[in-house]
Amino acid sequence: MVSETQAPNQKQTLTKILDGLPWQPKLNEHKDVKVQIQAAVAVPALDLVTLRIEKEDQGKIIRGLLHMLAGRSGGQEATRLRSQAMAARGLAWLCNIPEVPSTLLEGDAAEHRALATIAMVLSDVHDRGVLLEVVTLVGWLALSSHNHALLLGADTEILRVLGDLLGARMPALQKKVAWALCGLARGQNKSLILSEENQHRVRPP
């Protein structure tokens, strides 16, 4: 049940998110990047058990977060990296809604190249804070279904980068990468992860 005080607060949070995220088609309609970040930070504050988000609003939030994840929000480097990290965190939280992983990997969001965006950020961004959040997103997507794990694994760049990140000198990131790889280790992905090419990345010396 949603309490009388919680329901309005949750709706206000949702309105704040929709007002701040860059989901509009025209770039000149987007809010300042700091406003976008504030909106993305609010996404994990949504109580997805008690708050029902309409499909249209889900689509707007996903489009806005993908725009930010791709690094299109502008601003100085530090601001852009925070924007990307918070976008990935928001998308990972939304994966608790059963239909969101399918939307990201198979549905309307495919038009916005969700899978390609994830692979691009993993390959091109070297900030460990961003990588930690994107790897978490990959893990939740992989765990959402067998088919989603295979879709992610079909992009061999994702598997390659995750293998490389196992050697990162950051225990929190290494643990998250290992967790994500466990989620991806299904079907043909197992062979790809343990292939001769990747042995030096994922097998102990």
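Hydrogens, waters and symmetry mates play no part in the numbers below; they use all other heavy atoms, side chains included.
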At what distance, to the nearest 0.5 angstrom, does [atom1] of [X] lie from [atom2] of [Y]?
{"X": "Leu65", "Y": "Ser83", "atom1": "CG", "atom2": "OG", "result": "9.0 Å"}
{"X": "Leu94", "Y": "Leu46", "atom1": "CG", "atom2": "CG", "result": "7.5 Å"}
{"X": "Leu151", "Y": "Ser145", "atom1": "CG", "atom2": "OG", "result": "7.5 Å"}
{"X": "Ser73", "Y": "His67", "atom1": "OG", "atom2": "NE2", "result": "4.5 Å"}
{"X": "Leu137", "Y": "Ile118", "atom1": "CG", "atom2": "CD1", "result": "4.5 Å"}
{"X": "Lys60", "Y": "Trp23", "atom1": "NZ", "atom2": "CH2", "result": "4.0 Å"}

Cluster overlap [X] with [Y], hydrophobic side-chain contacts below 4.5 Å:
{"X": "Leu48", "Y": "Leu51", "answer": "yes"}
{"X": "Leu18", "Y": "Leu21", "answer": "yes"}
{"X": "Trp179", "Y": "Val135", "answer": "no"}
{"X": "Leu141", "Y": "Leu132", "answer": "yes"}
{"X": "Val138", "Y": "Val125", "answer": "yes"}

Do [X] and [Y] have side-chain heavy atoms sitting under 4.5 Å apart?
{"X": "Lys31", "Y": "Pro22", "answer": "no"}
{"X": "Arg169", "Y": "Gln174", "answer": "no"}
{"X": "Asn189", "Y": "Leu152", "answer": "no"}
{"X": "Leu115", "Y": "Ile158", "answer": "yes"}
{"X": "Gln12", "Y": "Thr15", "answer": "no"}
{"X": "Asn9", "Y": "Lys11", "answer": "no"}

Which heavy atom of [X] sits nearest to which heavy atom of [Y], and what is that distance?
{"X": "Asp127", "Y": "Gly129", "answer": "OD2-N, 3.0 Å"}
{"X": "Ser123", "Y": "Val161", "answer": "OG-CG2, 3.7 Å"}
{"X": "Ala70", "Y": "Met120", "answer": "O-CE, 3.8 Å"}
{"X": "Ala149", "Y": "Leu184", "answer": "O-CD2, 3.7 Å"}
{"X": "Ala42", "Y": "Thr13", "answer": "O-CG2, 3.8 Å"}
{"X": "Ala87", "Y": "Ala40", "answer": "N-CB, 4.3 Å"}

Is it true that, when you exclude Arg186 itself, more than 12 heavy atoms of the residues, nucleotides or ligands shown sit nearer than 6.0 Å to its CZ?
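Yes - once you tally the heavy atoms of other residues, nucleotides and ligands closer than 6.0 Å, there are more than 12.
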Where the side chain of [X] meets the backbone of [Y], is there a donor-acceptor pair that is under 3.5 Å apart?
{"X": "Thr79", "Y": "Gly75", "answer": "no"}
{"X": "Gln58", "Y": "Ile53", "answer": "yes"}
{"X": "Gln188", "Y": "Leu150", "answer": "no"}

I'd like to know whether Leu131 forms a side chain to side chain contact (heavy atoms under 4.5 Å, CB included) with Val177, so could you lay out the CA-CA distance, the side-chain angles of the two residues, the decisive distance to 0.1 Å, and finally the verdict.
CA-CA 9 Å; Leu131 290 172; Val177 170; over 6 Å; no
Qualifying residue, where the test is side chain to side chain contact (heavy atoms under 4.5 Å, CB included) with Thr117 and the options are Leu122, Leu91, Val134, Leu69:
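Single pass found, and it is Leu69.
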Member of Arg89, Lys176, Arg128 meeting the side chain to side chain contact (heavy atoms under 4.5 Å, CB included) criterion with Glu133
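Looking at Arg89, Lys176, Arg128, the match for Glu133 under the side chain to side chain contact (heavy atoms under 4.5 Å, CB included) is Arg89.
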For Leu181 and Leu166, what are the C-alpha separation, side-chain angles and deciding distance, and is it a side chain to side chain contact (heavy atoms under 4.5 Å, CB included)?
CA-CA 10 Å; Leu181 284 171; Leu166 276 177; 3.8 Å; yes
Establish, from distance only, whether the side-chain atoms of His148 and Glu106 form a donor-acceptor pair under 3.5 Å.
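Yes.
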Donor-acceptor side-chain pairing of Arg80 and Gln84 below 3.5 angstrom:
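Yes, a side-chain donor-acceptor pair sits under 3.5 Å.
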With side chain to side chain contact (heavy atoms under 4.5 Å, CB included) as the test, would you mind laying out the steps for Met86 and Arg82 before giving the verdict?
CA-CA 6 Å; Met86 293 304 98; Arg82 177 161 173 76; 4.0 Å; yes
Show the numbers, then the answer: is there a side chain to side chain contact (heavy atoms under 4.5 Å, CB included) between Leu104 and Leu66?
CA-CA 9 Å; Leu104 278 169; Leu66 283 175; 4.1 Å; yes
Results of ring-ring contact (aromatic ring centres under 6.0 Å, His included) for Trp93 - residues two or more places apart only:
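Partners of Trp93 by the ring-ring contact (aromatic ring centres under 6.0 Å, His included) criterion come out as none, since no residue qualifies.
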